[in-house]
Amino acid sequence: MAKFFEYQGKALFKKAGIPIPQGEAVKTPEEAREAAEKIAKPVVVKAQVWAGGRGKAGAVKFADTPEEARQAASEILGMEVKGLQVKEVLVEEKLNIDQEFYAGVIINSARDVRAPVLMFSPEGGMEIESVPEEKIAMMNVDVMRGLRPYDTLNMVRSMGLKGGSLRQLADITYKLFGVFRAYDCRTVEINPLVLTKEGKAIAADCRFQVDDQAIFRHPELGVKIGREFVKEPTEFDLIAWKFEEADFRGTSYVAEMAPPEELKKGGYVGYHGIGGGAAIMGVDALSKVGLKVADYADTSGNPTASKVYRVVKLILSQPGIEGYFLAGFMMANQEQWHHAHGIVKALREELPKRPGFPVVLLLCGNKEKESQQILKEGLADLPGRIEIYDREHVYDAKFLASRFKALVDEYRAEQGR
Ligand code: GDP
Ligand code: MN
């Protein structure tokens, strides 16, 4: 699911006519002070990360003056929330909360439902999973019939609301479903949906996630990678996505595991798995011998040689890495000569630049004999420490990792590291 920051989701709410607090996202404490000055009221300063539970993590702070807002921002910026670094904060007018509600839509893909589920609850502010069922009004929305304004009026009324609050909360819940549909969301939530002491309903928080498969329909959202990502993509991740974006032949999943400045400290190796489970097995084996992977890469589904070549080039572009490990821990049914060709081409370009560079290759499966021959002939004259393995070692993760470790140690000693 493509994720968005609270302030990005709120901007879409606003367009859809859902009231949101006045506010602004900023990147420095000084800008936070200026934003609070503009708002000219007590404010709340909120970490912008792809995670909820910021309140509990101390990443939502209140400030009565612009100076306090600057202070709060300086405490929150750079903080980690659920492993994610805070690079932006949202400075917003503080609401006088009278009551907190929940409104949300998710997709229930269970066989007997297969529909968006709209929910409204008077128990806002906490995670909806912990709210008892009888406190949630729920509706499976038939997408052919659509949602009608009276549906949300009925839902909100069933939770005991009346009068002006009923109308406002029902209207927001109705519009929320419109946002969900318009952007092909998987999830959209307002938690809390607030009723202020002044009697106004307003969306105090926002969670907005779009179906990866629909990203291409929404260039206006500016999503860079239409694929599940737990963190914001780095430059490395963005380059890797280019290999996939317009080429559906086989898959390559490549992600940065350590930032370039961390790699330079040493102890990292370039990593290339084939098939998800096998690739994870290889990472485990390497960490058991004390090697850290700079990247996680997986090429499978019969990728073309050109796709494999690009992946290997990208892996080898990582600064300071001390080896390249191909973890083909499977008798793959795909024709492995595509892998062999791509790897040979990339290593022929890269290894002459780094004499003695450790390379361990395990490649097994369909067209194995031919693939092995391509690797052996293609790499024979290169100046690396190269070891090539076949089906005899298909699940020998421990052995291969220890061979690789030995080569890396030699290389490090030679390099005086
Ligand atoms: P989350 O913890 O990441 O879901 O962040 P929220 O945006 O939901 O904020 C957490 C909690 O802070 C909310 O449930 C509210 O109780 C409180 N909060 C957030 N904004 C305001 C505000 O403007 N006024 C007041 N009084 N409380 C707020
Ligand atoms: Mn929340």
Indicate the atoms forming the closest heavy-atom contact of Lys135 with Pro122, along with that distance.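 Here Lys135 and Pro122 meet closest at O-CD, 3.2 Å.
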Checking the side chain of Lys82 only, and the main-chain atoms of Gly52 only, is there a donor and an acceptor separated by less than 3.5 Å? yes
Gln168 side chain to Ala201 backbone, donor-acceptor under 3.5 Å: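 Checking the backbone N and O of Ala201 against the side chain of Gln168, a donor-acceptor pair under 3.5 Å is found.
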Check: [Y] and [X] side chains under 4.5 Å, non-hydrogen atoms:
X      : Y      : answer
Leu379 : Leu361 : yes
Lys38  : Gln22  : no
His338 : Asn302 : yes
Arg167 : Asp171 : no

Can you name the salt bridge (charged side-chain N to carboxylate O under 4.0 Å, His left out) partners of Glu189, sequence neighbours left out? Arg207
For Arg54, what residues pass the salt bridge (charged side-chain N to carboxylate O under 4.0 Å, His left out) criterion, not counting sequence neighbours? Glu6, Asp205
Identify whether NZ of Lys or CZ of Arg in Arg227 sits under 6.0 Å from the centre of the six-membered ring of Tyr253 and within 45° of that ring's axis.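 Cation-pi check for Arg227 and Tyr253: passes.
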Using a 3.5 Å cut-off and no angle test, enumerate the donor-acceptor pairs between side-chain atoms of residues 83-90 and protein atoms at least two apart in sequence or in another chain.
from  : atom 1 : to   : atom 2 : distance (Å)
Glu88 : OE1    : Tyr7 : OH     : 3.3
Glu88 : OE2    : Tyr7 : OH     : 3.0

What residues, two or more places apart in sequence or in another chain, satisfy ring pair (Phe, Tyr, Trp, His ring centres under 6.0 Å) together with Phe4? Phe208
State which residues pass side-chain contact (heavy atoms from CB on, under 4.5 Å) with Ala285; sequence neighbours excluded, sorted by chain then number. Ala397, Ala401
Provide the full list of ring pair (Phe, Tyr, Trp, His ring centres under 6.0 Å) pairs with a residue in residues 70-110, sequence neighbours left out, each pair given once.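 Applying ring pair (Phe, Tyr, Trp, His ring centres under 6.0 Å) to every pair that reaches into residues 70-110, excluding sequence neighbours, yields Phe101-Phe120.
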